[in-house]
Amino acid sequence: MNEKFENICRVKNNSATDLNLIPVYTYSEFSDLALNLLTKKENHCVNYFASPYKNGLRFIASIADDTAGDIILLSHFLASSEPKQLNSLTPKITALHIFEREIFENYGIAFKDHPWLKPVRFPHDRFDRNLKVNDYPFYKINSHELHEVGVGPVHAGIIEPGHFRFICNGENVLHLEIQLGWQHRGVEALILEKKQLLQRVILSESIAGDTAVGHSLAFAQLIESLGDIKISGQLMVERAIALELERIAIHVGDIAALCTDISYGLGANIFAILRTGIINYTQSWCGNRLGKGMIRPGGINLPFTNEHKKRLLEVLTKFEFQFVELAHRTYKLSSVQNRFDDIGTVNEDLIRSIGAVGMAARMANLNRDIRSSHPFAGYIQFPIEPVILPKGDVFSRFLLRRKEIKRSIAWIRNILANANFDTPSEKPVNEIVLKPDSFAISLTEGWRGEICHCALTDDTGNMIFYKIKDPSMHNWKALELSLRNLEISDFPINNKSYNLSYCGYDL
Amino acid sequence: MLDEIKIIIHNGKQFITDPKNVQLPEPFRGRPEISTVKVDENKLVELCPVSAISANPVRIDLGKCTFCGECAFRFPEKITFTTDYKLSTNIPEHLIVKEGENIPVEIDREAIRPEIKNIFKNSFKLRQVSAGGDNSAEFELNACGNANFDIGRYGIEFVASPRHADGILVTGPITENMAEAVEIAWKAVPEPKVFILCGTDAISGGIFAGSKAINREFLNRIKVDLYIPGNPPHPLNIENGLLDLIGR
Ligand code: SF4
C-alpha cells in the first residue's frame, strides 16, 4: 500500500496536468487506494467520471485533501473488450453513489452491489435510450397502511421541475425520493460542440442562472489553467467580490423565502427588497442583475474601478444596517424559532457519508469550504474563514445564511479598505490555445457550495471532454434524508432551507 | 411592535410608482441600436455566440440575442445598448433591430386577439412552466411579484395550477424531457388562453439552440401571444410586456 501512495499524483486547484502523469491503476488497486484515501476525514471525492479514450473508458477520480490543499488524481481504464461491470465502491463509501450512478447511466457500466443504481438525469446521450424520463424506478413499499404522494414535475409556483415521491404513514414521511432530469439541456456536450470561447463561457453562465458567477468562474479558471494564462491579482479580487455579492444576494433572498413559508410577512417582504439592492448593484457593475457577462477568461469587460468601490461601500452600509436590524428582530421571534428549530435535522455523520458540500455541510458541523481549503481568486490574497454551525436543522440553515452574509460583507469591506482600483484590470482574451493531452480541474465555492469543473484535451489541444458538478449533485440527498419522520407539511420549509438547483444537477 | 414600525420606516417606500417610466442605470443592456457606420460586417456576424446578428443591412434578432454585449464591446461605433428595457412584443418581426432604424420594440395592438383585451384586462393569471430554464428568468419572474415591482397591483398573478390560469408562460429552451409536460400543462388551461415565451432560451433556444437534448416541436403547433426577450428578461420588461398585452 505504502509504495502506491508514493507515486500518487497530487495537484493544486486550478491546474492543468499532463495526462501521462496521472497514474493508471488496475481497478483493484484503484479501489484500494480510493477507499483508503476516502476513509480519512480530511479527504473527499470532488469528482469521479469516465470518458471515452482510445478503445475503452478512462475513469478519473479527483480526491480533495482539505488539510494539505491538494487534489489527488487517480485513474483506471476499462477496455471495451472487457465486461461492462465493476465492483461498486458505494457500499463502503456512500458519497460515491452519485458518481457511480452517473457513469452507469452514461456508459452502461454495472456497478455490482451498488444499493441504488438508478438513473441520474436522463441525458440525451445516455446509454439506454429506451429508458424514458417517465420510467424512473421509484422505491416501492407493498403495504395497505402506507400511501404515496407524488408531486411534479410541474410544481405550484414559479419554480423549476422535478418529481418528488413521498412514502407516508398518515401525515408522516417515511421516505422521500427525488427524481430529476427534466431540465437536462445537454450543457456538457454543447461546451464541446460549440468551439467559440464566448459560446462556452455563456453556456457556463447558464448552467444555473442563480450561480452564474460561481459556474462561469470555474469555467474561466479552468480555461486559464489549460491555456497557461496568468491573470492579475486585482482581477482575482474583483472576481471574488462578484462571487460574494452573488452569495449575499441569494442568501438574503432565501431568508425571505423561508419567512414567506412561515407567513412572517415583514421578513418575507423586506428581506426580498434587500436582495434588490445587491443585485441592482451587480447590474450597475456588469449590466446584468445575475452577474451574467461579468466573468470572462483572461479579463473583464467592465472592470471594477474606484468609483465602483465607493458605490459598493454605500450600498453595503445601507444594506447592512437594514439587514442587521431586521435579522435581529426575525431570528429571535419565538414563532420563527418554533417553526425551524429541530426540524429536518441531519447530523454530521450522515452529512459526511453522503458527501454533502458547502452550506449543507457547514450547517451540520462539517467544514467544507473551497474558499479556505483550496483557495482560488481573491481568497488566496485575502483568506476567508468558513462559518460552521453544529446542529443540522432548518434553523441552522436559516442561521448560516445570516452569518455568511455578515462574514461576506466584512470580507469585502476589508478588501475595499486595502486594495485600490486605480488602473483597470485587463481585458478578456478572445481565443486561447489549450495545452494538449491535459486534464484540468477547477473548484470554486458558489453560494450553495463546491462547484467542480474538469476538462480533458487531446494531443492537438482540442477539448474532448467536459465535466460539471454543481453542489446539488450531492446535496439533494440531504433534503431527502431531512424529510424522514417529518410531517409532509414540513417539506416546503426544508426544501427552501436547502434551495438546491434543478438545472445545475440536470445540466 | 415598535421594532417592526422602525424597520418599516427605515426601509422607506420601495415600490416603483410607474413601471412604464423608469430610468435604469448604465451599463444595463436593453434595446440595442445599430448605427450606419461601416464596419467589417463578417467579423461582426461571426463574433455573435448565438448567430443573432445578420449583415447587409446589419440586424440583431432580440429573440436570439443573449445580451452578452460582446458586439458592442468590440464594435462600439456600430452597436450600442440603450437602457430601454421594453423589449416585449407579439410580432416576431418586431424583435429584429435594424441598422439606422432606432425605434422602440412595440406590441401591435391590432394583432392581439380581442378576447385577451376583453377578458384579461383586470385579472390575468398565469401558470409558469420551466422547461430547461436556468432559473434566471424564473428568478426575475418571482421578482416581479416582490414589493419593488409589485405586479399583483395590476391583477397579474402567477398561480399554482393550470386549471386556475388564463395562460401558460414558458421559460427555458424546452427540453426533450419536459416537452410532454409543457403540452399537458397547456391542455389543462381552459379556453380562452394565452401562450407566452419568456426569455431568449424560450424564444429561440438561445445558447441551447441546436442541442440534441431539446425538443421544440410543440411550438410549431401553437400560436405565441407574447415574446419577452432577455437573458434573463428584466422584471420591468416582463411587467411592461404583460401590461401591454392585456391593454393596461
Ligand atoms: S449582445 Fe446579442 S447580438 Fe451582440 S454579440 Fe451578444 S448575443 Fe450577439
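Order of the sequence lines fixes the chain letters, A, B, ..., with proteins taken first and strands second; residue numbering starts at 1 for each chain.
- Looking only at side-chain heavy atoms (C-beta outward), Gln199(A) and Val50(B) stay at 4.5 Å or farther from each other.
- Across all non-hydrogen atoms, the minimal contact from Pro27(B) to Ser284(A) is CD-O, 3.1 Å.
- Counting heavy-atom pairs closer than 4.5 Å to chain A, the top-ranked of the candidates Ser211(B), Pro25(B), Gly210(B) is Ser211(B).
- For the pair Asn288(A) and Pro232(B), the tightest heavy-atom approach, listed with the atom from each and the gap, is ND2-CD, 3.9 Å.
- How far CD1 of Ile207(B) is from CD1 of Ile191(A): 9.5 Å, rounded to the nearest 0.5 Å.
- Across Asp134(B) and Glu205(A), no two heavy atoms sit closer than the pair OD2-O, 4.1 Å.
- Most heavy-atom pairs under 4.5 Å with chain A, from the set Phe158(B), Phe81(B), Phe208(B): that is Phe208(B).
- Taking 4.5 Å as the limit, every side-chain heavy atom of Ile273(A) sits out of range of all side-chain heavy atoms of Asn146(B).
- Arg296(A) and Cys68(B) make their closest contact through NH2-CB, 4.0 Å (heavy atoms, listed as atom of the first residue, atom of the second, distance).
- Checking Asn280(A), Asn269(A), Thr276(A) one by one against Asn148(B), the side chain to side chain donor-acceptor pair (under 3.5 Å) holds for a single residue, Thr276(A).
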Fill in: Stepwise side-chain hydrogen bond (donor to acceptor under 3.5 Å, both in side chains) test for Asn134(A) and Glu180(B)
CA-CA 10 Å; Asn134(A) 290 327; Glu180(B) 190 190 354; 3.0 Å; yes

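- With a 4.5 Å cut-off on non-hydrogen atoms, His328(A) does not touch chain B at all.
- Between Gly157(A) and Arg127(B), the shortest heavy-atom distance links the atoms O-NH2, 2.9 Å.
- Neither the backbone nor the side chain of Phe15(B) comes within contact range of chain A, judged by heavy atoms closer than 4.5 Å.
- The side-chain heavy atoms of Leu266(A) and Ile8(B), taken from C-beta on, include a pair separated by under 4.5 Å.
- Here the rule is side-chain contact (heavy atoms from CB on, under 4.5 Å) with Asn177(B), and of Leu180(A), Val133(A), Asp506(A) only Val133(A) fits it.
- Tested against Glu176(B), the residues Arg129(A), Arg185(A), Lys132(A) include a single salt bridge (charged side-chain N to carboxylate O under 4.0 Å, His left out) partner, Arg129(A).
- Phe139(B) carries Arg275(A) over the face of its six-membered ring, with the cationic atom under 6.0 Å from the centre and within 45° of the normal.
- Both the backbone and the side chain of Glu160(A) have a heavy atom closer than 4.5 Å to some heavy atom of chain B.
- For Gln283(A), the parts sitting under 4.5 Å from any heavy atom of chain B are the backbone and the side chain alike.
- The distance from atom CD of Gln183(A) to atom OG1 of Thr175(B), rounded to the nearest 0.5 Å, is 6.0 Å.
- A salt bridge links Glu193(A) with Lys212(B): at least one charged nitrogen is closer than 4.0 Å to a carboxylate oxygen.
- Under the 4.0 Å criterion applied to side-chain N and carboxylate O atoms, Lys6(B) and Glu325(A) are not assigned as salt-bridge partners.
- Annotation: the span from Tyr502(A) atom OH to Ser130(B) atom OG amounts to 10.0 Å, rounded to 0.5 Å.
- If you tally non-hydrogen atom pairs under 4.5 Å between each of Glu138(B), Glu26(B), Glu46(B), Arg29(B) and chain A, the highest count goes to Arg29(B).
- The two residues His124(A) and Ala213(B) have their closest heavy-atom pair at ND1-CB, 3.6 Å.
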